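Just below is one structure, and these are the notes that go with it.
This chain uses plain numbering: 1 for the first residue, then up along the sequence. Note that the structure is predicted; figures quoted are calculated from it, not measured.
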Amino acid sequence: MIAEKETVLVTGGVGYIGSHTTVALQEAGYRVLILDNLCNSDVAVLKAIAKITGEEPCFIEGDIRDRGLLDKIFSNYRIKAVMHFAGLKAVGESAEQPLAYYDNNVNGSLQLLQAMQEADVRTIVFSSSATVYGDPQSLPLTENHPRSATNPYGNTKLMVEEILENLYASEAGWRVALLRYFNPIGAHRSGQIGEAPQGTPNNLLPYVAQVATGRRAQVQVFGADYDTPDGTGVRDYIHVLDLAQGHVAALAYCKQSDGELLTVNLGTGKGYSVLEIIAAFEQASGKHIPYQVVARRPGDIAECWADTEQAYRLLGWRASRTLPEMCEDAWRWEQNRSGQASGG
Ligand code: NAD
Ligand code: UD1
């Protein structure tokens, strides 16, 4: 007898990290059902996923704040677990529109959790962020580093972590994974899916990639006077496919227990500076990438990288892809994408 595939509901599965995780879940033998309102993604991603895996995920266009829709989904599908990516993520925008962020990220998560509780689906993997560590007091960042928030976006992540912790403590049977991402970059090696920011990218890597294609003139380096080896900010960049595989490992870990609250960093444990990233991308693309040092970006920290031991000890998972691979994959995707955009 062939075992029935387990269905995982992936909220925000059309987006950058959700789409790569959908590929990893399908490759690990799960059936994926995506719920996404497409506010920051393109439905064409579903066909691109099918090109990679041979299977188009089921898709429902809708909002995680729509409780009626959630109830229907949980009663119509036999969902085993939820991976919750849906949310807004732009730090600057969150300071301008805090209510939109609390509504989408916190209220949306509450609606989802209430629907899960009602349907007796008690396994959830949540997209948290290294932003919950605030300004690092010590490096590398371990999971027990004190938490704080410096902007509304970060606060939404902190609040949802706390809601999930309270829920876990209140009732037996919840299996909760809080995954704290460091800086996901790169794309699927097929060049079919990747990061597709709307408008001017907020994050370094997509900006650098657009300078390499000639779409933007030069990178603005936000400060070269930090207390770091070359004065520019240092971050722990992780390949999005390593991150995706970390989710599959976290789900497997949760499933083998009756109740679990797992909190792990998903990073590589190694930091690179802005100038090192620019140099690595020049190498991967063969393009000269001009840059100009400008003022620090308000709210930025000097440096940040993960302690990865807990993830390895508990999940047996480590990131394996190198910075050159991250840049090569991001470059392949950016070329495909800019070719498509110009009709080429
Ligand atoms: P993304 O914007 O590419 O994907 C998010 C997806 O969620 C999009 O497809 C969007 O349309 C959808 N969405 C948003 N609000 C929704 C709602 N109310 N209902 C249904 N769908 C909704 O972002 P991403 O980079 O893939 O990030 C995924 C998650 O990971 C987010 O929660 C983000 O905060 C978190 N995260 C991202 C990073 C990063 O660097 N990209 C770092 C740490 C944490
Ligand atoms: C930012 C968010 C963080 C979020 C993360 C992933 C802020 C303050 N923080 O983190 O909450 O979890 O994205 O989405 O926005 N840089 C430049 N020029 C650029 C862009 C960035 O020099 O055009 C520098 C930054 O100063 C930083 C590094 O590049 O040193 C990485 O920046 P970015 O990609 O925005 O990520 P974070 O700042 O780590």
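- Judged purely by atom type and a 3.5 angstrom limit, E303 has no side-chain atom pairing as donor or acceptor with the backbone of T228.
- More than 12 heavy atoms of other residues, nucleotides or ligands lie within 6.0 Å of OH in Y102, so this atom counts as buried by the packing criterion.
- Under a hydrophobic clustering in which Ile, Leu, Val, Met, Phe, Trp and Tyr are joined whenever their side-chain heavy atoms come within less than 4.5 Å, directly or via other members, V208 and F182 fall into different clusters.
- A donor atom on one side chain and an acceptor atom on the other are not found under 3.5 Å apart for Q210 and T213.
- Side chain of R175 to backbone of S257: a donor-acceptor contact under 3.5 angstrom is found.
- In this structure, CD1 on I64 lies 8.0 Å from CG on N37, to the nearest 0.5 angstrom.
- Here the side chains of E334 and E195 are not in contact, with every heavy-atom distance at 4.5 Å or above.
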Checklist entry - Run the salt bridge (Lys or Arg N to Asp or Glu O under 4.0 Å) check on K255 and E260 step by step: do they pass? => result CA-CA 9 Å; K255 275 174 42 180; E260 188 64 52; over 6 Å; no
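- Within the model, atoms CG of L315 and CD of Q245 stand 12.5 Å from one another, a figure rounded to the nearest 0.5 Å.
- Annotation: E162, atom CD; neighbour count of heavy atoms from other residues, nucleotides and ligands within 6.0 Å is above 12.
- A donor-acceptor pair is defined here as one N or O able to donate and one able to accept, closer than 3.5 Å; such a pair exists between the side chain of E143 and the backbone of N265.
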Checklist entry - Would W333 and H188 satisfy side-chain contact (heavy atoms from CB on, under 4.5 Å), going step by step from the backbone distance to the final call? => result CA-CA 8 Å; W333 158 247; H188 193 270; over 6 Å; no
Item to check | Criterion side-chain contact (heavy atoms from CB on, under 4.5 Å) on T22 and L46, from CA distance to verdict | outcome: CA-CA 10 Å; T22 294; L46 300 171; over 6 Å; no
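- The backbone N or O of V91 sits nowhere less than 3.5 Å from a side-chain atom of N151 that would complete a donor-acceptor pair.
- If you run side-chain contact (heavy atoms from CB on, under 4.5 Å) between L35 and each of I60, D63, L112, only I60 comes through.
- Note: I124 CD1 to R122 CZ = 12.5 Å, rounded to the nearest 0.5 Å.
- In this structure, R147 fails the cation-pi test against Y133, since its NZ or CZ atom is not both closer than 6.0 Å to the six-membered ring centre and inside 45 degrees of the ring normal.
- Not one N or O on the side chain of E27 forms a donor-acceptor pair closer than 3.5 Å with the backbone of A24.
- Atoms CG and CD, on L323 and E276 in that order, are 8.0 Å from each other to the nearest 0.5 Å.
- Looking only at atom types and distance, the side chain of H84 has a donor-acceptor partner in the side chain of S109 under 3.5 Å away.
- Atom CG of N166 sits in a crowded spot, with more than 12 heavy atoms from other residues, nucleotides or ligands closer than 6.0 Å.
- No donor-acceptor distance shorter than 3.5 angstrom exists from the side chain of R65 to the backbone of N107, with no hydrogens or angles considered.
- Under the 6.0 Å cut-off for aromatic ring centres, F85 and H247 qualify, their centroids lying closer than that.
- A 6.0 Å sphere centred on OH of Y291 holds no more than 12 heavy atoms belonging to other residues, nucleotides or ligands.
- Between R67 and E118 there is a side-chain heavy-atom pair separated by less than 4.5 Å.
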Checklist entry - Please walk me through it: do E6 and R78 pass salt bridge (Lys or Arg N to Asp or Glu O under 4.0 Å)? => result CA-CA 8 Å; E6 292 183 353; R78 292 196 350 172; over 6 Å; no
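- Side-chain contact check for T7 and Y30: no donor-acceptor pair (N or O, by modelled atom type) lies under 3.5 Å.
- Heavy-atom contacts from other residues, nucleotides or ligands closer than 6.0 Å to CD of Q283 number 12 or fewer.
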Checklist entry - Taking it one step at a time, do E282 and K287 satisfy salt bridge (Lys or Arg N to Asp or Glu O under 4.0 Å)? => result CA-CA 5 Å; E282 282 192 324; K287 302 281 181 190; over 6 Å; no
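- Grouping the Ile, Leu, Val, Met, Phe, Trp and Tyr side chains by contacts below 4.5 angstrom, directly or via other members, places I193 with V240.
- A donor-acceptor pair under 3.5 Å links the side-chain atoms of T232 to the main chain of V274, judged by distance alone.
- Considering only heavy atoms from C-beta on, R332 comes within 4.5 Å of D329 through its side chain.
- By the 4.5 Å heavy-atom criterion applied to side chains, Y153 and T131 are counted as neighbours.
- For the pair N155/Y101, no side-chain contact is recorded, criterion being any heavy-atom separation below 4.5 Å from C-beta on.
- Side-chain atoms of N183 never come within 3.5 Å of backbone atoms of R235 as a donor-acceptor pair (strictly under, hydrogens ignored).
- In this structure a side-chain-to-backbone donor-acceptor pair under 3.5 Å is missing from N105 to T156.
- Side chains of N40 and Q198 form a contact here, defined as non-hydrogen atoms less than 4.5 Å apart.
- With hydrogens and angles disregarded, no donor-acceptor distance shorter than 3.5 Å links the side chain of E93 to the backbone of A90.
- In this structure, the separation between CZ on R321 and CE on M326 is 9.5 Å, given to the nearest 0.5 Å.
- Hydrophobic cluster membership is shared by V176 and V121, with clusters built from Ile, Leu, Val, Met, Phe, Trp and Tyr side chains linked at under 4.5 angstrom.
- In terms of hydrophobic clustering, with Ile, Leu, Val, Met, Phe, Trp and Tyr side chains grouped at heavy-atom distances under 4.5 Å, Y312 and L179 are assigned to different clusters.
- Within 6.0 Å of the CG atom in D258, the count of heavy atoms belonging to other residues, nucleotides or ligands does not exceed 12.
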Checklist entry - Going through the checks in order, is the side-chain contact (heavy atoms from CB on, under 4.5 Å) test met by V10 and L33? => result CA-CA 6 Å; V10 178; L33 169 63; over 6 Å; no
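- Residues C304 and L141 form a side-chain contact, since some pair of their non-hydrogen atoms from C-beta on lies under 4.5 Å apart.
- One hydrophobic cluster, built from ILVMFWY side chains closer than 4.5 Å, holds both I73 and F126.
- Using the six-membered ring where Trp is involved, F281 and W331 have ring planes that are perpendicular, over 60° apart on the 30 and 60° scheme.
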Checklist entry - Would K47 and E56 satisfy salt bridge (Lys or Arg N to Asp or Glu O under 4.0 Å), going step by step from the backbone distance to the final call? => result CA-CA 6 Å; K47 295 262 181 280; E56 192 167 325; 3.1 Å; yes
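- A heavy-atom distance below 4.5 Å is not found between the side chains of T11 and D36.
- If you take CG on D300 and CZ on F222, they are separated by 7.5 Å, rounding to the nearest 0.5 Å.
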